[in-house]
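Before any comments, here is the structure.
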Amino acid sequence: MEITASNITSPLGRTTEENYRAVRKGCSALRQHLSGERSVPFDFCAALFDEQPQFEELAYASASEAMTQVDGIDLSRTIFILSTTKGDIGTPPGDSAMHIARRLGIQTMPLVVCNACISGVAALIMAARLLEGGAYDHAVVTGADVLNDFIISGFQSLKALSPEPCRPFDIERLGLNLGEAAATVVLSAPHEGKTGWGVITNDAYHITNPHPKGEGAYRALKAVCNNINMEDVACISVHGTATMYNDQMESMAIERAGLSDIPATALKGYYGHTLGAAGILETILTARALEDGVILATKGYEEQGVSGRVSISAEERTTDKQCFIKMMSGFGGCNAAMVVNASHANIHTEPSELTGRNIKREKKEGGARRGSDILCRTVSSAVAELLENNDVDPDHTAVILFNRTSSIVSDRKFMSTICDKDNHYPSPSVFVYTLPNICTGEVAMQYGLHGESSFYILPERNEELMQEIIDTAFLDNDTHYIITGWVDCPEEDEYTCDLKLIKRPQP
């Protein structure tokens, strides 16, 4: 893919250049915030705008600024892809994406990528697939999240937040900080020598804890490394949340993949974890730095505190290479790795062929095997029936699901644990299920599936767009089977579940 324009809107600046210059100077947006800010009833450290932005306005501001940098885009051949973890709480994310797309003048159906912490990179991978598959000529990809009591209290309930600025990969790291931002790239259909390629995998291990040896991240890294000349790689832009387990896992995955000597850079010390914006923001900054022959410093790092060998530095380094690897990991066991500006084999999508049978249910209880919310119970029951008489290869099977209402039932349940400030007891077991992709992670765990796991949200059910996404998933040659379909649960006792198993067509 070719990045033709970009924008970063964050507490460090309103343009890519302002943010880039701030990071080069070592500036950080992380600050201590007192109880009461953003309605959070405890002190916390985060990167916040001075005034809390509206989610849609923040995303639109970033996207519109990026689009002003490009002339002559055919909006009828352009897709808007929104990456977010929670969007505007209470508003279906697909509705927000539709509002933003129409304000931008984009008339095609927008797409929301809601894949926990890897959402930004997953959105870029999806954009690259759609462009390479010929469905569109351009993609406007925006990642955004705004912090509030819902998100901050949720991460606090998981004991994941650091009370001081985070220290990625450092021996004294205490956890992550959250941040808010929006970041946008405008991508154009690939030209020779200007393509990007990525892979999404699953640990098949746990819905919140990463695999101790970074199994999913290792698989993603190995897959992308098999398609590039490693002599061209300048650096790895790591997730680097500064949590005990994530940094350790990433270091193991990097060492197992034979990448220990490649410089690694982590940017959470400048912005915190910006959730749906993180993968896009960090990709933009890493690419911009390489234009100047620079590998950005890891702020907060002093002494290595992970057992896997990884080349992290608190100082800027120089390079004459233009290619880098971006990696991310997230709840639900999902992992993503992407190569930016690397050449790879020319892969074309083929029509998919259906195998097995459809599983359809409407408004009736499902026999749950896993999961504590209606979305997971519904998916688990349907997949069990779908796979009852169908064998799949766990290393080559993807789970790609769609809906409209995200995780609305669990969102309401979690809100009930934080709405009373005098009785504020956010539930970690409920908060986890406010990420809709957890249901794909539970399926991966139950059946040991290491292939792609992705969750997409649409303004409405659109079979044509869903089929485009399914077909382009086969651009990853490691994907042989896909469990896919529509699963929407707007109420505890109301759901629609329509799943099918698709097999990669024979050449």
Step by step, work out the side-chain hydrogen bond (donor to acceptor under 3.5 Å, both in side chains) result for Ser62 and Asn7. CA-CA 6 Å; Ser62 178; Asn7 170 265; 2.8 Å; yes

So, Glu282 and Lys268, do they make that salt bridge, N to O below 4.0 Å?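 Salt bridge between Glu282 and Lys268, a charged N being under 4.0 Å from a carboxylate O: yes.
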
Regarding Glu65 and Arg14, does a basic nitrogen lie under 4.0 Å from an acidic carboxylate oxygen?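 No, Glu65 and Arg14 are not salt-bridged.
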
Between Leu435 and Ser407, which heavy-atom pair has the shortest distance, and what is it?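 In terms of heavy atoms, the two residues are closest at N-OG, 4.1 Å.
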
Do [X] and [Y] pair up side chain to side chain, a donor and an acceptor below 3.5 Å, judged on atom types alone?
| X | Y | answer |
| --- | --- | --- |
| Thr479 | Asn477 | no |
| His211 | Glu215 | no |
| Asp88 | Ser96 | no |
| Ser311 | Arg317 | yes |
| Ser237 | Lys326 | yes |
| Asp292 | Tyr20 | yes |

Pairwise salt bridge (Lys or Arg N to Asp or Glu O under 4.0 Å) hits with a residue in residues 448-457, at least two apart: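 For residues 448-457: Arg129-Glu452.
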
Using the salt bridge (charged side-chain N to carboxylate O under 4.0 Å, His left out) rule, take Arg219 and Asp203 through it: C-alpha gap first, then chi angles, then the decisive distance, then the call. CA-CA 9 Å; Arg219 287 170 180 256; Asp203 283 335; over 6 Å; no

Taking NZ in Lys213 as the centre, count heavy atoms belonging to other residues, nucleotides or ligands within less than 6.0 Å. Is the count above 12?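 It does not: Lys213 NZ has 12 such atoms or fewer within range.
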
Is the number of heavy atoms from other residues, nucleotides or ligands under 6.0 Å of Glu18 CD greater than 12?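 Yes, the 6.0 Å shell around CD holds more than 12 heavy atoms from other groups.
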
For Ile3, the option from Leu124, Val185, Val141 that meets side chain to side chain contact (heavy atoms under 4.5 Å, CB included):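 That would be Val185.
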
Kindly confirm or rule out a cation-pi arrangement of Arg504 over Phe474, judged by NZ or CZ under 6.0 Å from the six-membered ring centre and within 45° of its axis?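 No, a cation-pi geometry is absent between Arg504 and Phe474.
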
Test item: [X] side-chain N/O and [Y] main-chain N/O as donor-acceptor pair under 3.5 Å:
| X | Y | result |
| --- | --- | --- |
| Asn202 | Gly451 | no |
| Asn227 | Ala223 | yes |
| Asp247 | Phe169 | yes |

By side-chain hydrogen bond (donor to acceptor under 3.5 Å, both in side chains) - contacts of Glu172 (at least two apart):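 Listed in chain order: nothing, the list is empty.
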
Just checking Phe455 against Phe402, ring centres under 6.0 Å apart?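 Centroid separation for Phe455 and Phe402: 6.0 Å or greater.
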
Mind telling me whether His396 and His480 have parallel, tilted or perpendicular rings, with 30° and 60° as the class edges?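 Rings of His480 and His396: parallel, as their planes differ by under 30°.
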
Is there a side-chain hydrogen bond (donor to acceptor under 3.5 Å, both in side chains) between Tyr433 and Glu442? Walk through the geometry before answering. CA-CA 11 Å; Tyr433 289 96; Glu442 290 205 334; 2.6 Å; yes

Can you list the steps and then say if Ser6 with Thr16 is a side-chain hydrogen bond (donor to acceptor under 3.5 Å, both in side chains)? CA-CA 7 Å; Ser6 72; Thr16 295; 3.0 Å; yes

Verdict with supporting geometry, Ile254 and Val238, side chain to side chain contact (heavy atoms under 4.5 Å, CB included): CA-CA 10 Å; Ile254 289 170; Val238 296; 3.8 Å; yes

Determine, stepwise, if the pair Glu303 / Arg173 fulfils salt bridge (charged side-chain N to carboxylate O under 4.0 Å, His left out). CA-CA 10 Å; Glu303 181 182 353; Arg173 68 189 186 278; over 6 Å; no

Audit row: Ser188, His138, side-chain hydrogen bond (donor to acceptor under 3.5 Å, both in side chains) steps and yes/no: CA-CA 4 Å; Ser188 299; His138 305 279; 3.2 Å; yes

Enumerate the ring-ring contact (aromatic ring centres under 6.0 Å, His included) contacts for residues 223-265, please, sequence neighbours excluded, ordered by first and then second residue.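 Non-adjacent pairs meeting ring-ring contact (aromatic ring centres under 6.0 Å, His included): His239-His273.
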
